[in-house]
Chemist: 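Let me begin by handing over the structure; questions about it come next.
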Protein chains: 4
Amino acid sequence: MANSKYEYVKSFEQPDILLQNVWIVVRIDGRSFHKFTTKHDYAKPNDDRGLSLMNRAALEVCKEFPDIVIAFGESDEYSFVLKKSCNLFERRSSKISSSIVSYFTSQFVYRWKEYFGDHELKYPPTFDSRCVLYPTDENIKDYLSWRQADTHINNLYNTCYWALVLKAGKTPIEAENELRGTFSDGKNEMLFSRFNINYNNLPAEYRKGSVIFKKMVQETNEENGVTKSKKRLIIEHVDIISEKFWKEYPDILGSK
Amino acid sequence: MANSKYEYVKSFEQPDILLQNVWIVVRIDGRSFHKFTTKHDYAKPNDDRGLSLMNRAALEVCKEFPDIVIAFGESDEYSFVLKKSCNLFERRSSKISSSIVSYFTSQFVYRWKEYFGDHELKYPPTFDSRCVLYPTDENIKDYLSWRQADTHINNLYNTCYWALVLKAGKTPIEAENELRGTFSDGKNEMLFSRFNINYNNLPAEYRKGSVIFKKMVQETNEENGVTKSKKRLIIEHVDIISEKFWKEYPDILGSK
Amino acid sequence: MANSKYEYVKSFEQPDILLQNVWIVVRIDGRSFHKFTTKHDYAKPNDDRGLSLMNRAALEVCKEFPDIVIAFGESDEYSFVLKKSCNLFERRSSKISSSIVSYFTSQFVYRWKEYFGDHELKYPPTFDSRCVLYPTDENIKDYLSWRQADTHINNLYNTCYWALVLKAGKTPIEAENELRGTFSDGKNEMLFSRFNINYNNLPAEYRKGSVIFKKMVQETNEENGVTKSKKRLIIEHVDIISEKFWKEYPDILGSK
Amino acid sequence: MANSKYEYVKSFEQPDILLQNVWIVVRIDGRSFHKFTTKHDYAKPNDDRGLSLMNRAALEVCKEFPDIVIAFGESDEYSFVLKKSCNLFERRSSKISSSIVSYFTSQFVYRWKEYFGDHELKYPPTFDSRCVLYPTDENIKDYLSWRQADTHINNLYNTCYWALVLKAGKTPIEAENELRGTFSDGKNEMLFSRFNINYNNLPAEYRKGSVIFKKMVQETNEENGVTKSKKRLIIEHVDIISEKFWKEYPDILGSK
């Protein structure tokens, strides 16, 4: 049963090397998560257990793939930014994209119990993923701004929607109708005047999403009391649209 | 916080539509599974629990994505063949490839306990995936023959290797040296004369891998005793290199 | 001045190998040929010199690239079909597409005088090109049918349009308005009743375009009078939509 | 003869949009130019008519496609750099690459007589082309340096080779053998001591190739004597490896 007769089929695989020297974003996205969150009784509009599990899975991805310099997550999606000089899997698009989404999913299922306890996982979720390339620092910052602005817009809408449904007893269609055509100001005002919610006091995680990056932290060795600076992966819910963040952490995009 | 300023970044996503009217293979492959199987005490050369879990995850993938007409698995890899007219995700390569590998991984972790019982999963595994296109029926059959011939070659080698290591007390390097340059006949003879193993009597699953496809089966309704023909996904360990299989199940490649 | 310092830039070239075992169409198309034909006083709706020059340039392309099994031309476009097993330039898309369009253009300019005589070429024309893949014989025949049906539709329209403008003295806008919403029957009727043109008696080249392929022809050696069958590239204006053509010349798509 | 039945074949065309916001290089290259230059009695190692014709064709390309910010040519190849914001043909790779190579070829044949006079064009030449992307200014400058360093290396070699063949009466194989393993210094020394050629005094065009870009020039209106600054496309044979050039013409890469 010689294999050589069939090996020609290997030549049908087509190379998918990503362009050199550009930022690589791998964005993963939950498939049918509206149904998934409903079936698993996620709190609305935000479920802390669900967000923490997403963050944890993403953190593990960042540990596993050190070429990731920053990651941003909201709702059921996460974007991982790989450095321009990344040579993981020789920059083969499928390998990078599939390995990251597979490991993320694997972590999500593996750690479900840590975050949801006895609330069991009824069926295994699916995420998809894709690679997108961004040539300049401005482009990659704009990409991340796009996702963070989206977080805000979605969260403001969802906060209103679920207040109308859960607190004001509206049907989903009534809630949608009421929100149609409203602007940011109107939604803020609605939350404050009708539901006594000051939007800006809601947890930053809901409003700004989650940012994972490496930060210099002081760590004291418990045995000998010596304090050292170390780079550690941390999760913060900070503004990455303004330049302040990038000035404070120039190493993120400046890393080689 | 208008998002419109940043939306231009969407234009950096590049289309990856797969050519129409060709077979799509999505092949997934375990990452660092040598380490994974060692850490999880897989029996060598074949672990029935591990193979069954792979088959189960693949079966669930076939249920979830009905465009898959046949799947073939061996060791830590599985190939899923999607029909030529498949329009899943408008044939976007990343979406197809990533959704399948994500769901496979998800199932693998979710169902670990069903197959490994108290033997716990120590860390979550990763699979990668890719899409490969095959234009003709001959090409796709040759692809599957390539994988099944590979199964045979690997399994014969591994059966010898592990017999030398586990039964003859050889070191890994001694076993490798002894096998270097041997042919199929020599390996069969070694197994028979030194280890009393008739290779052809080993389970077909080890020698031929696993084939998942839809088969007409007779099902009797327990309540009313009526028997009906139904198409069911089944797993068999049959030869798909010879034409016999394809003549017996012309619907597999003939399906629209 | 060592070059090694800069050679890394070669790694930015991305492979563009075309899928194996599928038909390759290279379609070239005149750029701004409305202006080009006006500036060069092409007869309307069809200029015999212009069509003959297109055919000649295409014939030379077929001679130069023997992997072409059939070519079809109409107006300012030509499609070249390369056999499935074509390995020209290792199937690199850019190389194939650019070499064909460059050689076609080169022939067009080089042979202008042969077809237009003293009517000089005022400026050099441009053609673009692209590769498109077709997996099955049915697909490639449908592609060619698409182009030939297009030839008919365009030519019928143009014949009416120019009759209205040149013979009935209509302005371009009047002619367009008159033709808007008319069907094939109406146009045929218009040509016959108002302009005494029996559309079906117009030259086949106008109505069906030009087909270039290799045909067995009898050739008699003038010196010794011996007659031999030889394959020669010929140009015919035949129907390639009906199966008749393909049955008569099974070698075209059957060629290895 | 409805066309709708066949129009599905359009869906087989695959998008080939180039990534946004990166430099696009279209490099064209003569096919079989060793034979072409021999058949057309090009002077060796450099033919002024041939180089001038290449430059002229390239200049016309730059006029026709104003998105080109700089072009570099040597021997039978030319590289055209399109600005990062270029939206020509919606950045479709095939359209850009094929239109440029077609127009270049067209100009080359069209203007042959201007440069070669009665020395007639015996057969039409072919060029191929490809698109390559460069993300940063450093990358694109390194690309151009790569080509200019290549010009120098080739020209120094060819100058020696043809001196050995034409002046010292060596056979091609003897000349090759003599040059094998020599370095730059050795070649310069050979030219000076054996052939009395000071390499650095050879025309800059041979040593540095040709650079086409837009330069501010003073133009005096002959009628009214008024002098104005205008941007004009010019051809110079200058060093583009050192930073001096880029500092002198910051607009080239700085253009929007």
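Chain A is the first sequence line, chain B the second, and so forth, proteins listed ahead of strands; every chain is numbered from 1. Remember, predicted model here, so these are calculated numbers, not experimental data.
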Chemist: If we define contacts as heavy-atom pairs under 4.5 Å, which of D/Cys131, D/Ser97, D/Pro125 has the most with chain C?
Modeler: D/Pro125

Chemist: Between chain C and each of D/Arg111, D/Lys122, D/Gln14, count heavy-atom pairs under 4.5 Å; write down the option with the most.
Modeler: D/Lys122

Chemist: Given the options D/Ile140, D/Leu121, D/Ile28, which has more heavy-atom pairs under 4.5 Å with chain C than any of the others?
Modeler: D/Leu121

Chemist: Checking heavy atoms, do the side chain of D/Arg130, its backbone, both or neither come under 4.5 Å from chain C?
Modeler: both

Chemist: One thing to verify: whether D/Lys113 and D/Glu120 come together as a salt bridge, which I'm taking to mean a side-chain N less than 4.0 angstrom from a carboxylate O.
Modeler: no

Chemist: Sort D/Arg92 into side chain, backbone, both or neither according to what part of it lies under 4.5 angstrom from a heavy atom of chain C.
Modeler: side chain

Chemist: Would the distance check show the side chain of C/Asn158 and the main-chain N or O of C/Asn154 forming a donor-acceptor pair, the cut-off being under 3.5 Å?
Modeler: yes

Chemist: At a heavy-atom distance under 4.5 Å, which candidate from C/Ser98, C/Ser99, C/Pro135 has the highest pair count against chain D?
Modeler: C/Ser98

Chemist: Measuring only between side-chain heavy atoms, which start at C-beta, is D/Leu253 closer than 4.5 Å to D/Trp23?
Modeler: yes

Chemist: Say whether, by atom type as modelled, one donor and one acceptor occur between the side chain of D/His237 and the main chain of D/Tyr206 under 3.5 angstrom.
Modeler: no

Chemist: To the nearest 0.5 Å, tell me how far C/Ile24 CD1 sits from C/Lys83 NZ.
Modeler: 11.0 Å

Chemist: Where does D/Tyr8 contact chain C at under 4.5 Å (heavy atoms): side chain, backbone, both or neither?
Modeler: side chain

Chemist: Would you call D/Glu7 and D/Lys10 a salt bridge, using N to O less than 4.0 angstrom?
Modeler: no

Chemist: Looking at D/Leu18, D/Asp67, D/Ile68, which hits side-chain contact (heavy atoms from CB on, under 4.5 Å) with D/Leu88?
Modeler: D/Asp67

Chemist: Using a 4.5 angstrom heavy-atom cutoff, name the option from C/Tyr110, C/Tyr143, C/Tyr123, C/Phe127 with the most pairs to chain D.
Modeler: C/Tyr110

Chemist: Using non-hydrogen atoms and a 4.5 Å limit, figure out which bit of C/Arg147 sits close to chain D: side chain, backbone, both or neither.
Modeler: neither

Chemist: With only heavy atoms counted, which part of D/Phe89 is less than 4.5 Å from chain C, the side chain, the backbone, both or neither?
Modeler: side chain

